[in-house]
There are 2 protein chains.
Amino acid sequence: MNIGEVSKNTGLPAKTIRYYEDIGFVTPARGDNGYRSFSEKDQHKLVFLGRARGLGFSIEDCRTLMALYEDQGRASADVKRVAQKNLTEIDRKIADLQAMRGTLSHLVAHCAGDGRPDCPILEDLGRV
Amino acid sequence: MNIGEVSKNTGLPAKTIRYYEDIGFVTPARGDNGYRSFSEKDQHKLVFLGRARGLGFSIEDCRTLMALYEDQGRASADVKRVAQKNLTEIDRKIADLQAMRGTLSHLVAHCAGDGRPDCPILEDLGRV
DNA sequence: ATAAAGGTTCCAGTCACGGGAGGGTCAAGC
DNA sequence: GCTTGACCCTCCCGTGACTGGAACCTTTAT
């Protein structure tokens, strides 16, 4: 398969697929014309990668997960640890964003939003 | 004030303050020795900037907010619009993360996390 | 006199790609 | 055979908001 078809099948942009090759995630064969020639297995790895990225795993985590995926003798505890770490990280991000959201929505709610210059948002940002 | 003191007062790393000068956010005076010499006003701007960044505003939004802050004839509606846009963006990020969190926590909960290789997390990532 | 602490500039790296230039290849229609 | 357009290639730069480090200068304390 050429990169265009793989892109359509996986939902990953061709640019991204080339990038994943750059960083050693897949190593598709090459035709005589220099075109990448993807096997089913290559495509499957890209699907795996796309899903893992969609769940917020970093590229490095994906490398670990892929190695575990291909290791028939893995311990599920190793996978769970990586996933748990990611989950903790996601929770931290959510908490950060919710703290921001709390302050900001409070300020927005108290701003008249009319033609007058008085604004609690700016007052808060500029308080000494 | 030298950069070190401003850094201590504002909580911003000196590196960050230099960066903010680079992008034209503050333009501290310079002493004969080439050292930056910050005024109270410079420091106040940096505090403002630090707070706005802490609320998730982008640098470009901060530029807008700062201009409004210094414009005595502003309309609070202009400020509110920027804040509202940021709030919407924050909500979107929270929703994205929560969607990730939902799927991932479900998978983590169903993974034995022991020495056996069977793992619903990998199964899900690799499903055809 | 010397050493530590603080300041300076400049360059490179981060993360995970995306945009675009400049060019080669392939299949179809005339 | 020729052109057109879709596809593919590599290479390099840009993103946002910094952070790290090298190489060097100035101030302060001992």
Side-chain angles (χ1 to χ4, degrees), chain A residues 1-38 42-43 45-46 48-66 85-86 89-90 92-93 96-97 100, chain B residues 1-38 42-43 45-46 48-66 85-86 89-90 92-93 96-97 100:
Chain A
M1 279 176 291
N2 282 350
I3 200 169
E5 195 181 345
V6 175
S7 170
K8 213 173 351 160
N9 294 344
T10 61
L12 297 169
K15 274 273 184 185
T16 299
I17 296 173
R18 291 195 194 98
Y19 172 69
Y20 289 163
E21 182 184 6
D22 266 5
I23 62 174
F25 240 108
V26 282
T27 40
R30 295 289 182 134
D32 292 343
N33 52 13
Y35 286 18
R36 288 169 183 81
S37 175
F38 293 84
D42 289 328
Q43 182 171 275
K45 282 173 103 169
L46 289 170
F48 182 99
L49 186 45
R51 288 225 184 88
R53 295 280 307 122
L55 284 176
F57 288 99
S58 72
I59 290 284
E60 283 317 301
D61 281 347
C62 290
R63 248 187 250 281
T64 306
L65 291 174
M66 180 76 80
K85 181 176 66 71
N86 185 22
E89 185 68 11
I90 289 172
R92 200 187 50 72
K93 286 180 189 163
D96 284 355
L97 285 168
M100 279 184 203
Chain B
M1 279 175 294
N2 281 349
I3 201 169
E5 195 181 345
V6 176
S7 170
K8 213 174 351 161
N9 294 344
T10 60
L12 298 169
K15 274 272 184 188
T16 301
I17 297 173
R18 291 195 193 98
Y19 171 68
Y20 288 162
E21 183 185 5
D22 266 5
I23 62 175
F25 237 109
V26 282
T27 41
R30 295 290 182 136
D32 292 345
N33 51 14
Y35 286 17
R36 288 169 183 81
S37 176
F38 293 84
D42 289 329
Q43 183 171 275
K45 281 174 103 168
L46 289 169
F48 182 100
L49 185 45
R51 288 224 185 89
R53 295 280 307 121
L55 284 177
F57 288 100
S58 72
I59 290 285
E60 283 317 302
D61 280 347
C62 289
R63 250 186 249 281
T64 306
L65 290 174
M66 180 75 80
K85 182 176 66 71
N86 186 21
E89 185 67 11
I90 289 173
R92 202 189 48 74
K93 286 180 188 163
D96 285 355
L97 286 168
M100 280 184 202

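Numbered from 1 within each chain, the chains take letters A, B, ... in sequence-line order. In what follows, every heavy atom counts, from backbone to side chain, and hydrogens, waters and symmetry copies are set aside.
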Rounded to whole angstroms, how far apart are [atom1] on [X] and [atom2] on [N]?
X	N	atom1	atom2	result
B:Asp22	D:dC18	CG	P	12 Å
A:Asp32	D:dC9	CG	C1'	15 Å
B:Ile3	D:dC25	CD1	P	20 Å
A:Phe38	D:dC9	CZ	C1'	12 Å
B:Ile59	D:dT19	CD1	P	11 Å
B:Glu21	D:dC18	CD	C1'	15 Å
A:Glu5	D:dC8	CD	P	9 Å
A:Lys8	D:dC7	NZ	P	8 Å

At less than 4.0 Å, is any side-chain N or O atom of [X] found next to OP1 or OP2 of [N]? Yes or no.
X	N	result
B:Arg30	C:dG7	no
B:Arg53	D:dC18	yes
B:Arg36	C:dT8	yes
A:Asn33	C:dC26	yes
A:Arg18	C:dA16	no
B:Thr16	D:dA17	no
A:Tyr20	C:dA16	no

Identify the heavy atoms of A:Ile90 and A:Leu55 that sit nearest to each other, and give their distance.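 Taking every non-hydrogen atom into account, CD1-O, 3.8 Å.
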
Closest heavy-atom pair and its distance - A:Ile23, A:Arg63: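 Heavy atoms of A:Ile23 and A:Arg63 come nearest at O-NH1, 2.9 Å.
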
Carboxylate-amine/guanidinium contact [X] [Y], below 4.0 Å:
X	Y	value
B:Glu5	B:Lys8	no
A:Glu21	A:Arg30	yes
B:Arg36	B:Asp42	no

Would you say the side chain of A:Tyr19 and the base of C:dG18 hold a donor-acceptor pair, judged only by whether the two atoms sit under 3.5 Å apart?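 Absent.
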
Select base, sugar-phosphate, or nothing to describe what A:Phe25 touches, counting heavy atoms under 4.0 Å on all strands.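 Contact class for A:Phe25: none.
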
What is the nucleic acid contact for A:Ile23, judged by heavy atoms within less than 4.0 Å: base, sugar-phosphate only, or nothing?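 Nothing, no heavy atom under 4.0 Å.
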
5'-most by nearest nucleotide on DNA chain C - A:Ser58 or A:Tyr35: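 The residue closer to the strand's 5' end, by nearest nucleotide, is A:Ser58.
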
